[in-house]
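Reading through the structure tokens given below for one structure.
In this text, all values refer to a predicted model and were calculated from it rather than measured experimentally. All values below were derived from every heavy atom in this structure, side-chain atoms included, with hydrogens, water molecules and symmetry-related copies excluded. Note that ligands are numbered from 1 as they come in the structure, with each ligand's atoms numbered from 1 the same way.
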Amino acid sequence: MSNAEIGLIGLGTMGAALALNIADNGFDIAVWNRTTAKTKAFHDQAGDLAQRITPTDTLEDFVGALKSPRAIILMVPAGQPVDDQIAALRALLDDDDLIIDAGNANFHDTNRRARDAGDLPFLGIGVSGGEEGARFGPSIMGGGKRAYWDRVAHILTAIAAKHQGQPCATWMGEEGAGHFVKAVHNGIEYADMQMIAEAYGIMRDGLDMDHAAIADTFAAWDKGPLRSYLIEISGKVAAATDPATGQPMLDVIVDAAGQKGTGRWTVIEAQHLAAPIPAIEAAVVARNLSSQREARAAGEDLFGAAPHRIAHDVLSLDTLEEALIAGKILCYAQGFGMIEKASEQFDWALPLPAIAEVWREGCIIRSAMLDDMATALRENPQRNLMMAPKFADKLKATHGALRQVVAQAALHGIALPALSSGLAYFDAMRTARGTANMVQGQRDFFGAHGFARVDDDADGHHGPWGS
Ligand code: NDP
């Protein structure tokens, strides 16, 4: 029977949750998974929703179960599996059937797939929120031809998270625009997580707080300007106890952070765009460095452990909270700045205020600040977010605290790569005359690269080095 409104391939963590969400919102859905046993198990466990779900064993049956023109979501690992799945499907589909890659594709791959598809309908959408988001309302960033988005927008907006009734699902632009925005989202996520981890390090190593006190501090911060999903879960992680040993859970977790590559893609792309995102870069570097456990242990043997303890009258938890507020603003300012650069470079007209809006619910970086960010970007999308009046006022009130935290951490040997690079970015962005005149002098000295003068902006002036 060809009656399912949409199809989904890939019943892993995300695909299974998304399929249940779609069924829960009243849409009939057909599903197919490479491993057939998983399809059956998924259907058996779908409860009341099973009646809206058509499980299929073969791709032919799957395609046959869908209403025409078909719409099919792929939720398989990024890379070759997506290309393989598209090729296998296209052989069975009609020319007006739509394929939607909803995995974490590199946006360059999505650009290529959109071009390769030619007139065959294709969308690349970024989905954020992890398993729970996929099940109960993710944030969705769409890319591809607008007409294809419009074909499935009623389903995508129905299943998306809602912020005060407004769906967190938006079309971002042509080709890979949705996956690009998702990548920057993940970059910001890396930096936000890293800054929170650095605050945890100050509390644990600098202020000698136990995990219960750290958990309470995160819980208190979650009621103020830092209110966000990441602060909330950080408190819960700090509060958890290992059932096997009775120790704080954080004490038994190895300090080497994993990554699937989206943060790295963001940093590489930022370099191509010449977009300064130092806090995000620092967060990726911190994850790379965290995996060098043996080298770090050898370093501690060689140089000795740092003198971590900071007196409580030197650094208060209020100061630490303010430092994190400043760091967070700076990290988002960098992320949105990168999106603005890409918008120009790729001619995408990325809707910056709408991006802040779709991130307000459903996704991992959802936070109270995004409402004000959306307002500030609506006033002026080209302006660096740190210069928007509301955020400039917040930074004026908090950058001193960030400076205190970074200075105390430096004096006590606590590494704060993301917070300190956030501070360096702030100071660089408030310095009208920097030091690149020296770099230009050096470049001209050894390579005759030329420079602009303060009294003549044209390039091509040279210094008196040769005389
Ligand atoms: P899982 O590993 O849980 O599931 C992967 C699914 O893809 C399985 O159904 C698997 O089938 C199928 N699959 C794997 N390889 C192939 C292949 N070569 N051809 C066809 N099907 C294949 O992954 P997730 O659900 O976590 O992730 C899916 C996508 O969503 C990825 O792109 C991921 O980056 C992205 N994503 C994940 C998030 C998360 O929090 N987990 C958040 C946002 C996006 P089988 O059962 O046969 O192995």
Worksheet item: Do Asp28 and Thr54 come close enough that some side-chain heavy atom pair is under 4.5 Å?
Response: no
Practice prompt. Could you check which of Arg34, Met75, Glu132 puts a non-hydrogen atom nearest to atom 16 (C) of ligand 1?
Written response: Arg34
Worksheet item: Do any nitrogen or oxygen atoms of Asn104 lie less than 3.5 angstrom from nitrogen or oxygen atoms of ligand 1?
Response: yes
Fill in: Contact bool for atom 25 (O) of ligand 1 (protein heavy atom, d < 4.0 Å)
yes
Discussion item. For atom 21 (N) of ligand 1, what's the nearest protein heavy-atom neighbour? Residue, atom name and distance, please.
Written reply: Val76 CG1, 3.5 Å
Worksheet item: Which class fits the ring pair His211 and Tyr200: parallel under 30°, tilted 30 to 60°, perpendicular over 60°?
Response: tilted
Worksheet item: When you measure from atom 19 (N) of ligand 1 to every protein heavy atom, which one gives the shortest distance, and what is it?
Response: Gln85 OE1, 3.7 Å
Worksheet item: In the protein, what heavy atom is nearest to atom 40 (O) of ligand 1, and what distance, to one decimal place, separates them?
Response: Gly130 CA, 3.5 Å
Worksheet, complete the sentence: In ligand 1, the atoms that come under 4.0 Å of a heavy atom of Gly10 are 9 (O)
Worksheet item: Quick one: does Gly12 get an N or O within less than 3.5 Å of an N or O on ligand 1?
Response: yes
Worksheet item: Do the side chains of Met195 and Cys331 get nearer than 4.5 Å, heavy atoms only?
Response: yes
Worksheet item: Numbering the atoms of ligand 1 from 1, which are under 4.0 Å from a heavy atom of Gly103?
Response: 29 (C), 30 (O), 32 (O)
Output a table of donor-acceptor pairs, distance under 3.5 Å, between side-chain atoms of residues 172-180 and any protein atom two or more places apart or on a different chain; print 'none' if there are none.
| residue | atom | partner | partner atom | Å |
| --- | --- | --- | --- | --- |
| Glu175 | OE1 | Arg115 | NE | 3.3 |
| Glu175 | OE1 | Arg115 | NH2 | 2.9 |
| Glu175 | OE2 | Arg115 | NE | 3.1 |
| His179 | ND1 | Thr110 | OG1 | 2.7 |
| His179 | NE2 | Gly103 | O | 2.8 |
| His179 | NE2 | Ile125 | O | 3.0 |

Response to the item:
If you scan protein heavy atoms around atom 47 (O) of ligand 1, the nearest is Thr35 OG1, 2.5 Å
Worksheet item: Considering only protein heavy atoms, which is closest to atom 23 (O) of ligand 1, and at what distance to one decimal place?
Response: Thr13 N, 4.5 Å
Worksheet entry | Enumerated ligand 1 atoms positioned under 4.0 Å from heavy atoms of Ala78 | 32 (O)
Worksheet item: Which protein heavy atom lies closest to atom 37 (C) of ligand 1, and at what distance to 0.1 Å?
Response: Met14 CG, 3.3 Å
Worksheet entry | Asp84 to ligand 1, any heavy atom closer than 4.0 Å | no
In residues 237-254, what donor-acceptor pairs under 3.5 Å come from side-chain atoms, sequence neighbours left out?
| residue | atom | partner | partner atom | Å |
| --- | --- | --- | --- | --- |
| Asp242 | OD1 | Ala244 | N | 3.3 |
| Asp242 | OD2 | Thr245 | N | 3.2 |
| Asp242 | OD2 | Thr245 | OG1 | 2.6 |
| Thr245 | OG1 | Gln247 | N | 3.2 |

Worksheet entry | Sub-4.0 Å heavy-atom approach of Ser128 to ligand 1 | no
Item to complete: Specify side chain, backbone, both or neither for Ile9, according to which of its non-hydrogen atoms lie closer than 4.0 Å to ligand 1.
Response: neither
Discussion item. Checking a contact table here: which protein heavy atom is nearest atom 11 (O) of ligand 1, and how many Å away?
Written reply: Asn33 OD1, 3.5 Å
Practice prompt. May I ask you to test the Ile6-Leu66 pair for a side-chain heavy-atom distance under 4.5 Å?
Written response: no
Item to complete: Look at the rings of Tyr332 and Phe336 and say which category their plane angle falls in: under 30° parallel, 30 to 60° tilted, over 60° perpendicular.
Response: tilted
Discussion item. What protein heavy atom lies closest to atom 13 (N) of ligand 1? Include the residue and the distance to one decimal.
Written reply: Pro77 CD, 3.6 Å
Worksheet entry | Tyr229 side chain reached by Ile364 side chain, heavy atoms, under 4.5 Å | yes
Discussion item. A side-chain contact here means heavy atoms from C-beta on lying under 4.5 Å apart; do Val285 and Val267 qualify?
Written reply: no
Discussion item. Evaluate Lys182 for polar contact with ligand 1, using N/O atom pairs at a separation under 3.5 Å.
Written reply: no
Practice prompt. Decide whether an N or O pair under 3.5 Å exists between Leu11 and ligand 1.
Written response: yes
Fill in: Heavy-atom side-chain contact between Phe136 and Asn21 under 4.5 Å
no
Discussion item. Could you tell me, atom by atom, which parts of ligand 1 come under 4.0 Å of a heavy atom of Val127?
Written reply: 43 (C), 44 (C)
Worksheet entry | Aromatic plane relationship, Trp348 with Phe107 - under 30° parallel, 30 to 60° tilted, over 60° perpendicular | perpendicular
Worksheet entry | Geometric cation-pi criterion Arg287 and Tyr190, 6.0 Å radius, 45° cone | yes
Worksheet item: Counting distance only, does the side-chain N/O of Ser343 pair as donor-acceptor with the main-chain N or O of Glu340 below 3.5 Å?
Response: no
